[in-house]
Amino acid sequence: MAIQFGTYYTLIFAAIVLLVGKFLVQRIRWLREFNIPEPVAGGLVAALISWGLNVTTGVQPSFDTSLQTAFMLVFFSSIGLSANFAKLREGGMGLIVFLLVVVVFIVVQNSVGVALASVLGLDPLIGLIAGSITLVGGHGTAGAWGQVLENQHGIRGAVTLGIACATFGLVIGGLIGGPLAKGLIHRNNLHGPQGDGIHGALEAGTPNFEFPHKTRLITADATIETLALFAGCLAFAEFMTHFTAGTAVQLPTFVWALGGGVLIRNVLDYVFNFEVFDRAIDVFGNAGLSIYLAIALLSLKLWELAGLAGPLVIILGVQTVVMAAYAAFVTFRIMGRNYDAAVLCAGHCGFGMGATPTAVANMQAITNQYGASHKAFLIVPMVGAFFIDLVNAVAIQVFIKFFG
């Protein structure tokens with residue numbers, strides 16, 4: 001029996017999930033030590049409760065996901081609105097190098113998926129579903145490419161399979177990023193800047209999302225102005241999504257939301273000389289991030305994951321090991337073997353297995369404990385939320401051409 005919770009109830013449950021996650025992280029030492037993000041801790045508890053209800057009573061709780069999409073777009077809009085051209089230039093060569101590292105990883109991830117699928121007697125395209133289509137791509141890419149694989153390549157249940165794999169990746173990405181970065185920090189005796197960013201004032205130029213628990217003072221006027229900016233980003237994203245549908249420049253809506261934020265921010269900065277209120281953008285962005293993750297994990301149906309075929313579980317397990325090993329031995333070393341590189345590894349695990357919001361949550365868990373990493377918070381959102389989707393689309397098409 002399915003029980004559908006509407007928009008308002010979903011928001012209430014999401015808030016409870018976040019409060020439970022905060023309580024658990026504060027009270028359970030190993031959650032803090034392994035830097036598990038609060039939305040992941042609370043969301044897994046909610047998912048286990050839903051699973052228990054399903055097993056014992058047959059009840060299947062279902063939540064309205066329209067808010068999940070909306071808050072995801074708010075989060076990506078906030079990335080764009082906080083990224084003026086001066087900040088983008090700060091990413092410099094590090095952004096290009098990290099993008100190249102991620103591009104190689106996409107090829108590795110898809111090669112592992114296709115190879116294992118073939119060895120296990122599955123269609124190689126199923127290996128792509130358990131590769132960058134769902135792990136780097138996330139739920140949106142899983143749904144879009146799932147329809148293509150079902151309609152054009154005869155992969156039955158590709159959409160359902162993709163959503164299940166993307167959900168698995170979202171959870172695992174949030175679980176492995178923090179512990180991996182923590183291990184790299186301690187093993188290499190690395191140190192972040194002094195201070196945790198929670199007490200005292202933030203330094204000038206501190207990127208948004210770096211310290212979500214830091215108190216930021218905003219005004220009612222700034223709130224209204226910021227809401228208008230977010231509305232502009234979402235309107236731009238909706239228009240461009242429909243305008244480019246079916247064309248060569250068709251992109252996911254969240255990419256247009258981010259691009260709209262960059263466009264609006266820099267036009268205001270350099271054309272109208274209007275000072276955007278970064279603190280308000282920061283607050284809305286962090287709230288959007290937390291609520292998005294809470295609803296995503298609140299909607300997690302563990303009984304669907306439990307029904308995954310054994311070979312697919314093997315592929316996803318190997319992909320998890322490959323992600324951790326690649327981050328530790330490739331990403332960390334190429335990005336400099338320093339504290340920023342360790343935080344970048346936490347972010348890479350987040351969007352390499354799940355989604356950019358998971359990457360940011362992973363990095364927040366690290367920087368809240370060990371100190372700021374401006375470089376990581378400049379690079380990861382831009383690569384994970386913008387460039388990676390363009391690269392991934394090309395990679396998926398190439399692999400489908402060879403194995404389809």
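The model shown is predicted, which means the values in this text are computed figures rather than measured ones. In this chain, numbering begins with 1 at the start of the sequence shown.
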* Any donor-acceptor pair under 3.5 Å from D123 side chain to L125 backbone -> yes

* Are any side-chain N or O atoms of Q369 and backbone N or O atoms of Q364, one a donor and one an acceptor, separated by less than 3.5 Å? -> no

* Quick one: does N392's side chain have a donor or acceptor within less than 3.5 Å of a partner on S132's backbone? -> yes

* To do: Mark yes or no for whether D64, through its side chain, and T10, through its backbone, hold a donor-acceptor pair below 3.5 Å.
  => no

* Asked: In terms of the angle between their ring planes, are F105 and Y326 parallel, tilted or perpendicular, with boundaries placed at 30° and 60°?
  -> tilted

* Hey, is the main chain of L184 close enough, under 3.5 Å, to the side chain of N188 for a donor-acceptor pair? -> yes

* Test item: Q60 side-chain N/O and I3 main-chain N/O as donor-acceptor pair under 3.5 Å -> no

* To do: Classify the side-chain pair Q4/S62 by whether it contains a donor and acceptor separated by less than 3.5 Å.
  => yes

* Rounded distance (nearest 0.5 Å) linking atom CZ of F5 with atom CG of L298 -> 9.0 Å

* Sub-3.5 Å donor-acceptor pair from the side chain of T320 to the main-chain atoms of L316, do we have one? -> yes

* Main-chain N/O of C233 paired with S77 side-chain donor or acceptor, under 3.5 Å -> no

* For D340 and S373, does a side-chain donor sit closer than 3.5 Å to a side-chain acceptor? -> yes

* Do any N or O atoms from the side chain of E38 and from the backbone of L19 form a donor-acceptor pair under 3.5 angstrom? -> no

* To do: Can you measure from CD1 (I379) to NE2 (H348) and round to the nearest 0.5 angstrom?
  => 12.5 Å

